[in-house]
Amino acid sequence: MLAERARWVHRYWEHVAAELRDKELWKVYEEIERPLVPVLARMERHGIRVDPARLEAFAKELERSLDNLTREIWQLAGEKFTIASPKQLAHILFEKLGLPALRRTKTGYSTDADVLTELALGHPLPAKILEHRTLAKLKGTYADTLPALVDPRTGRIHTTFNQLVATTGRLSSQDPNLMNIPIRTELGRRIRAAFIPAAGWRFVAADYSQIELRILAHLSGDPAIIEAFRRGEDIHTRTASEVFRLPPAEVTPLQRTIAKSANFAILYGVSAFGLSQATKIDQKAAQRYIDDYFAAHPRVRAFIDATLAFGREHGFVTTLLGRRRYLPDLRSANPIARNAAERMAMNAPVQGTASDMIKIAMVRMQAALEARRLRARMLLQVHDELLFEAPPEEVAAVEALAREIMELALPLQIPLVVDVKSGADWAEV
DNA sequence: GGGAAAGGCTTG
DNA sequence: GTACGAGCCTTTCCCA
């Protein structure tokens with residue numbers, strides 16, 4: 001029985017090994033994915049420390065605020081209802097109070113954050129709902145949940161990293177997901193601040209700066225973007241100066257914000273609709289910015305066109321190292337499905353190459369920590385960032401090592417920049 | 001009572 | 001009908 005299974009595994013391995021070679025995926029497997037397995041296993045086993053007391057105290061504060069908000073919301077609504085129910089909320093907002101229903105979902109009226117933000121201009125209730133949702137999210141998903149996930153044997157939280165879920169080659173993290181710990185708001189950072197290094201140790205965080213735009217510049221060979229990065233310019237200001245036809249010094253904050261969104265539009269697969277939604281500008285203006293962007297960066301246009309043509313012909317697109325994403329819908333007769341596949345095709349080489357790069361860095365970093373007999377540990381990867389814990393005397397060495405290894409993991413035509421920082425909790429770094 | 005779908009929110 | 005890639009929470013619906 002066992003021998004039979006062993007023979008089956010052997011035959012299967014011969015089959016897939018040949019397939020990996022045929023598809024030029026041998027190096028991706030042998031030099032990236034397989035060596036990454038024990039690295040991820042160590043990170044999972046080691047876990048990360050959280051301070052349950054900080055989270056429990058925060059949960060109590062949230063509970064008080066939520067009680068008060070609930071009372072105010074019911075008062076404004078004129079009745080008690082389940083605030084977390086979009087269906088009941090829609091009834092209150094659009095039928096009872098007669099506010100304008102701005103957008104529909106499959107089954108009713110939308111009450112998402114965009115809609116409520118708009119409605120908040122004309123009524124006090126929507127803002128209270130938004131605040132309630134924020135606090136309920138923090139309490140339910142993080143403050144209440146994470147303390148219960150501390151393993152009593154290690155005193156730490158142990159996630160599972162998934163190597164085979166994301167279609168672009170990224171990792172994912174589950175049970176719990178430690179890749180979506182809040183950071184963008186002050187309240188959210190209270191959650192992040194509960195993640196702490198081993199007693200007496202420090203966190204070291206190292207993150208790639210503008211990694212996807214640098215990869216786009218490399219893959220497309222666009223001389224203007226390459227030059228901007230070589231000079232260390234602010235890339236969004238640079239884009240703004242191009243699409244608004246202004247000297248960089250005259251770019252306003254709003255123009256820079258729009259240009260930043262335009263850069264995201266390019267990375268995510270160009271759509272005037274998406275850009276207009278993100279920036280609250282009308283679709284015509286969004287289209288104009290995209291046209292102006294491509295006028296300034298013809299090589300980016302050419303790269304996208306060539307990527308789509310390759311994808312239509314072969315049924316897949318590839319990263320710099322040959323990782324594939326299959327997209328049969330590039331040849332779909334259904335324009336909705338085809339457009340969706342085209343956006344995925346534009347984005348996958350960029351997102352996937354960034355993923356290849358940080359995976360290489362992780363394998364080398366683990367090896368380097370061991371070779372130098374450092375006690376520091378790699379704890380988490382969050383797409384363009386690595387988090388370590390280190391004894392104080394190793395902090396400088398880990399910072400230098402992470403910067404060096406990450407910047408040189410996959411050399412491009414453009415210099416890569418890694419920002420490193422140490423701190424006493426995850427909000428500090 | 002439990003699983004799936006829907007809507008919503010967190011992150012890079 | 002839409003921005004790319006994920007995972008988790010609550011409510012609602014449906015079925016055994």
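Chain naming here is simple, since letters A, B, ... match the order of the sequence lines and numbering starts at 1 in each.
At the heavy-atom level, Val350(A) lies nowhere under 4.0 Å from the strands shown. Residue Gln351(A) is classed as a base contact, given a heavy-atom separation below 4.0 Å to a base. In this structure, Ala84(A) reaches the sugar-phosphate backbone alone: every heavy-atom distance under 4.0 Å involves primed, P, OP1 or OP2 atoms, never a base. Contact annotation for Ala166(A): backbone-only contact, meaning every heavy-atom pair under 4.0 Å involves sugar-phosphate atoms and none involves a base. At the heavy-atom level, Ile181(A) lies under 4.0 Å from the strands shown only through sugar-phosphate atoms. Here Ala348(A) lies out of heavy-atom contact (under 4.0 Å) with every strand. When heavy atoms are screened at a 4.0 angstrom cut-off, Leu138(A) is found touching no nucleic acid atom at all. Contact annotation for Asp112(A): backbone-only contact, meaning every heavy-atom pair under 4.0 Å involves sugar-phosphate atoms and none involves a base. Among the heavy atoms of the strands, none lies under 4.0 Å from Glu385(A). Contact annotation for Asn180(A): base contact, defined as any heavy-atom pair under 4.0 Å involving a base atom.
Of the side-chain N and O atoms in Thr105(A), none sit less than 4.0 angstrom from OP1 or OP2 of dG8(B). Phosphate proximity of dT12(C) to Thr107(A): absent, as no side-chain N or O sits under 4.0 Å from OP1 or OP2. Between Thr185(A) and dT10(B), a side-chain N or O to OP1/OP2 separation shorter than 4.0 Å is absent. Contact between the side-chain N/O atoms of Arg133(A) and the OP1/OP2 oxygens of dC9(B) is found at a separation under 4.0 Å. At the phosphate of dT10(C), neither OP1 nor OP2 sits under 4.0 Å from any side-chain N or O atom of Lys87(A). Taking only side-chain nitrogens and oxygens, Arg184(A) comes nearer than 4.0 Å to OP1 or OP2 of dG12(B). One finds a side-chain N or O of Thr111(A) lying less than 4.0 angstrom from the OP1 or OP2 phosphate oxygen of dG8(B). Taking 4.0 angstrom as the limit, Gln88(A) places a side-chain polar atom (N or O) nearer than this to OP1 or OP2 of dT12(C).
Nearest to the side chain of Ser172(A), among dG7(B), dG1(C), dA6(C), sits dA6(C). Taking the side chain of Pro86(A) as heavy atoms from C-beta on, and the options dG7(B), dC9(C), dC4(C), the nearest nucleotide is dG7(B). The side chain of Met344(A) has dG5(C) as its nearest neighbour among dG1(C), dT11(B), dG5(C). Among the nucleotides dG5(C), dG7(C), dT2(C), the one closest to the side chain of Phe273(A) is dT2(C). Checking dT2(C), dT11(C), dT10(B) against every side-chain atom of Ser271(A), the shortest atom distance belongs to dT2(C). Listed nucleotides: dC4(C), dA3(C), dG7(C). Nearest to the side chain of Arg325(A): dC4(C). Of the candidate nucleotides dT11(B), dG7(C), dA3(C), dT11(B) has the atom lying nearest to any side-chain atom of Arg192(A). Picking from dC9(C), dA6(C), dT2(C) the nucleotide with the shortest atom distance to the side chain of Thr167(A) gives dA6(C).
Geometrically, Arg104(A) engages Tyr109(A) in a cation-pi contact, judged by NZ or CZ lying under 6.0 Å from the ring centre and within 45° of the ring axis.
Ser209(A) and Asp419(A) form no side-chain donor-acceptor contact under 3.5 Å, judged by distance and modelled atom types alone.
Between Asp419(A) atom CG and dG12(B) atom P the separation is 14 Å, expressed in whole Å. At whole-Å resolution of the value, CD1 in Ile266(A) and C1' in dC4(C) are 13 Å apart. Put simply, CE on Met346(A) is 11 Å from C1' on dT2(C), counting in whole angstrom units. The distance between atom CZ of Arg190(A) and atom P of dT10(B), rounded to the nearest whole Å, is 17 Å. Atom pair Leu178(A):CG and dG7(C):C1' shows a separation of 11 Å (rounding to whole Å applied). If you measure from atom OH of Tyr208(A) to atom P of dT11(B), you get 23 Å, rounded to the nearest angstrom. Between the CG atom of Leu93(A) and the P atom of dG7(B) there is a distance of 16 Å, rounded to whole Å. Nucleotide dG7(C) holds its C1' atom 10 Å from the NE2 atom of His383(A), rounded to whole Å.
Position along DNA chain C of the nearest nucleotide to Arg170(A) versus Asp175(A) favours Arg170(A) as the more 5'-ward residue.
Remark: Arg103(A) CZ is packed, more than 12 non-hydrogen atoms of other residues, nucleotides or ligands lying under 6.0 Å away. Glu44(A) CD: more than 12 foreign heavy atoms inside a 6.0 Å radius.
Inter-residue side-chain proximity for His297(A) and Arg301(A) is flagged as unmet; no heavy-atom pair is nearer than 4.5 Å.
Separating the CD1 atom in Ile414(A) from the CD1 atom in Ile215(A) is a distance of 9.0 Å, to the nearest 0.5 Å.
For the salt bridge (Lys or Arg N to Asp or Glu O under 4.0 Å) with Glu389(A), the qualifying choice from Arg377(A), Arg202(A), Arg49(A), Arg156(A) is Arg156(A), the only one to do so.
In this entry dG1(C) has no Watson-Crick or G-U wobble partner, no candidate having both defining distances under 3.5 Å.
Nucleotides dG7(B) and dA3(C) are separated by 13 Å at their P atoms, to the nearest Å. Taking atom P in both dA6(B) and dT2(C), one finds a spacing of 13 Å when rounded to whole Å.
With respect to the salt-bridge test (charged N to carboxylate O, under 4.0 angstrom), the residues Arg323(A) and Glu33(A) qualify.
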